[in-house]
Amino acid sequence: MVILFTVLLSFSGVFYGYVIANMDFVILMTMMGIISLAGIVVKNGIVLMDFFVLLMDKKVYDKGVETHNDLTLDEIKEVIIESGKSRLRPVLLTALTAVLGLIPLAIGLNFDFFSLVTDFNPHFFMGGDNVIFWGPLAWTIIFGLTYATVLTLVMVPVMFYLVKRMKYWLRDRRIARTA
């Protein structure tokens, strides 16, 4: 549920990017970019959530309790902060390499491969027919991934904490009713 929420919010980053940049929304390639973006955002969210659970398992083992539900909210908050610190660099590097790798595709940076091989002169140029086709896909991923990286690093830990807090509140309420 937390990751799905982040994916849905990342789509708003795509639309914000297109509106701010005053670019045309090309249905086919933009939708392909949104599908690609969803995969990247899900992967980043799962990596972060998996690390939360891994550190909670370690905390459960260290304390000698049975389940995650036996940890206090302060301990869960500590785990979330610790895992956020350690996963910050991998999430940022993944997003940064994807964004930087897509910039030549987005702006249409081209070179003549034949003249590079024969004359050792690549004849770099900007634009061309391929940027009309591939540009919207690249810009979609760039806009969405930039926005989704912030969401992943901020919203996923916050949502994870809120879900845990709600779960504990419901548990305590159920226990109070039965007692």
S.K.: With sequence neighbours excluded, tell me which residues meet side-chain hydrogen bond (donor to acceptor under 3.5 Å, both in side chains) with T152.
M.R.: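 With sequence neighbours excluded, T152 shows a side-chain hydrogen bond (donor to acceptor under 3.5 Å, both in side chains) to no residue whatsoever.
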
S.K.: Treating Ile, Leu, Val, Met, Phe, Trp and Tyr as nodes and any side-chain heavy-atom pair under 4.5 angstrom as an edge, say whether V47 and M155 lie in one connected cluster.
M.R.: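 V47 and M155: separate clusters.
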
S.K.: Verify the cluster assignment for V158 and V79: are they in a single hydrophobic cluster under the rule of side-chain heavy atoms below 4.5 Å apart?
M.R.: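 Result: no, two separate clusters.
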
S.K.: Would you compute the distance between atom OG1 of T146 and atom CG of L151 and round it to the nearest 0.5 angstrom?
M.R.: 11.0 Å

S.K.: Under 4.5 Å between side-chain heavy atoms, counting indirect links through other Ile/Leu/Val/Met/Phe/Trp/Tyr residues: same cluster for F143 and I103 or not?
M.R.: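 They do share one cluster, since a chain of ILVMFWY contacts under 4.5 Å joins F143 to I103.
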
S.K.: Side-chain heavy atoms under 4.5 angstrom apart, residues restricted to Ile, Leu, Val, Met, Phe, Trp, Tyr: same cluster for L48 and V163?
M.R.: yes

S.K.: In Å, rounded to the nearest 0.5 Å, how long is the span from CG of L73 to NZ of K167?
M.R.: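 If we round to the nearest 0.5 Å, L73:CG and K167:NZ are 11.5 Å apart.
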
S.K.: Nearest 0.5 Å please: distance from the CD1 atom of I81 over to the CD1 atom of I76.
M.R.: 12.5 Å

S.K.: With heavy-atom distances below 4.5 Å as the criterion, would you say the side chains of L102 and L105 are in contact?
M.R.: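 Yes, at least one pair of side-chain atoms sits under 4.5 Å.
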
S.K.: Going only through I, L, V, M, F, W and Y residues with side-chain contacts under 4.5 Å, is there a path from L100 to Y147?
M.R.: yes

S.K.: Say you draw a straight line from CD1 of I175 to CG of L170; how long is it, rounded to the nearest 0.5 Å?
M.R.: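 With rounding to 0.5 Å, CD1 (I175) is 11.0 Å from CG (L170).
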
S.K.: Are there over 12 heavy-atom neighbours, none belonging to D62, within less than 6.0 Å of that residue's CG?
M.R.: yes

S.K.: Going through the checks in order, is the side chain to side chain contact (heavy atoms under 4.5 Å, CB included) test met by V41 and N44?
M.R.: CA-CA 5 Å; V41 171; N44 282 343; 5.9 Å; no

S.K.: Are R165 and Y168 in a cation-pi setup, meaning NZ or CZ lies under 6.0 angstrom from the ring centre and within 45 degrees of the ring axis?
M.R.: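 Relative to the ring axis of Y168, which defines the angle, R165 lies outside at least one limit.
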
S.K.: Any non-hydrogen side-chain atom of V131 less than 4.5 Å from a side-chain atom of M126?
M.R.: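 No, every pair of side-chain atoms sits at 4.5 Å or beyond.
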
S.K.: Distance from E78 atom CD to S83 atom OG, nearest 0.5 Å?
M.R.: 11.0 Å

S.K.: Show me, pair by pair, the donor-acceptor contacts under 3.5 angstrom made by side chains of residues 108-118, not counting sequence neighbours?
M.R.:
{"from": "N110", "atom 1": "OD1", "to": "N130", "atom 2": "ND2", "distance (Å)": "3.1"}
{"from": "N110", "atom 1": "ND2", "to": "G108", "atom 2": "O", "distance (Å)": "2.9"}
{"from": "N110", "atom 1": "ND2", "to": "G127", "atom 2": "O", "distance (Å)": "2.5"}
{"from": "D112", "atom 1": "OD1", "to": "F114", "atom 2": "N", "distance (Å)": "3.2"}
{"from": "D112", "atom 1": "OD2", "to": "S115", "atom 2": "OG", "distance (Å)": "3.3"}
{"from": "S115", "atom 1": "OG", "to": "D112", "atom 2": "O", "distance (Å)": "3.2"}
{"from": "S115", "atom 1": "OG", "to": "N121", "atom 2": "O", "distance (Å)": "2.6"}
{"from": "T118", "atom 1": "OG1", "to": "F114", "atom 2": "O", "distance (Å)": "2.9"}

S.K.: Could you give the side-chain donor-acceptor pairs of residues 2-11 under 3.5 Å, partners two or more places apart or in another chain?
M.R.:
{"from": "T6", "atom 1": "OG1", "to": "V2", "atom 2": "O", "distance (Å)": "3.0"}
{"from": "S10", "atom 1": "OG", "to": "V7", "atom 2": "O", "distance (Å)": "2.6"}

S.K.: Within this structure, what is the CZ-CE distance for the pair F133 and M29, rounded to the nearest 0.5 Å?
M.R.: 4.0 Å

S.K.: Tell me, please, which residues at least two apart from T149 pass side chain to side chain contact (heavy atoms under 4.5 Å, CB included).
M.R.: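 If we apply the side chain to side chain contact (heavy atoms under 4.5 Å, CB included) test to T149, skipping adjacent residues, the hits are V91, L92, A95, L145, L153.
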
S.K.: Donor-acceptor pair, T97 side chain versus T94 backbone, under 3.5 Å?
M.R.: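 Yes: the side chain of T97 pairs with the backbone of T94.
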
S.K.: Which one of K63, K58, K164, K59 satisfies the salt bridge (Lys or Arg N to Asp or Glu O under 4.0 Å) criterion with E75?
M.R.: K63

S.K.: Run the side-chain hydrogen bond (donor to acceptor under 3.5 Å, both in side chains) test against E82 and tell me which residues pass, sequence neighbours left out.
M.R.: none

S.K.: Okay, side chain of D172, backbone of W169: is any donor-acceptor separation there less than 3.5 Å?
M.R.: no

S.K.: For a quick test of reading the model, state the closest non-hydrogen atom pair linking L71 to M56 and the distance between them.
M.R.: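 Closest pair (atom of L71, atom of M56, distance): CD1-O, 4.0 Å.
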
S.K.: Show me the pairs that pass ring-ring contact (aromatic ring centres under 6.0 Å, His included) and involve residues 24-64, at least two apart or across chains.
M.R.: F15-F25, Y18-F25, F52-F160

S.K.: Do T140 and I34 come within less than 4.5 Å of each other through their side chains, counting heavy atoms only?
M.R.: yes

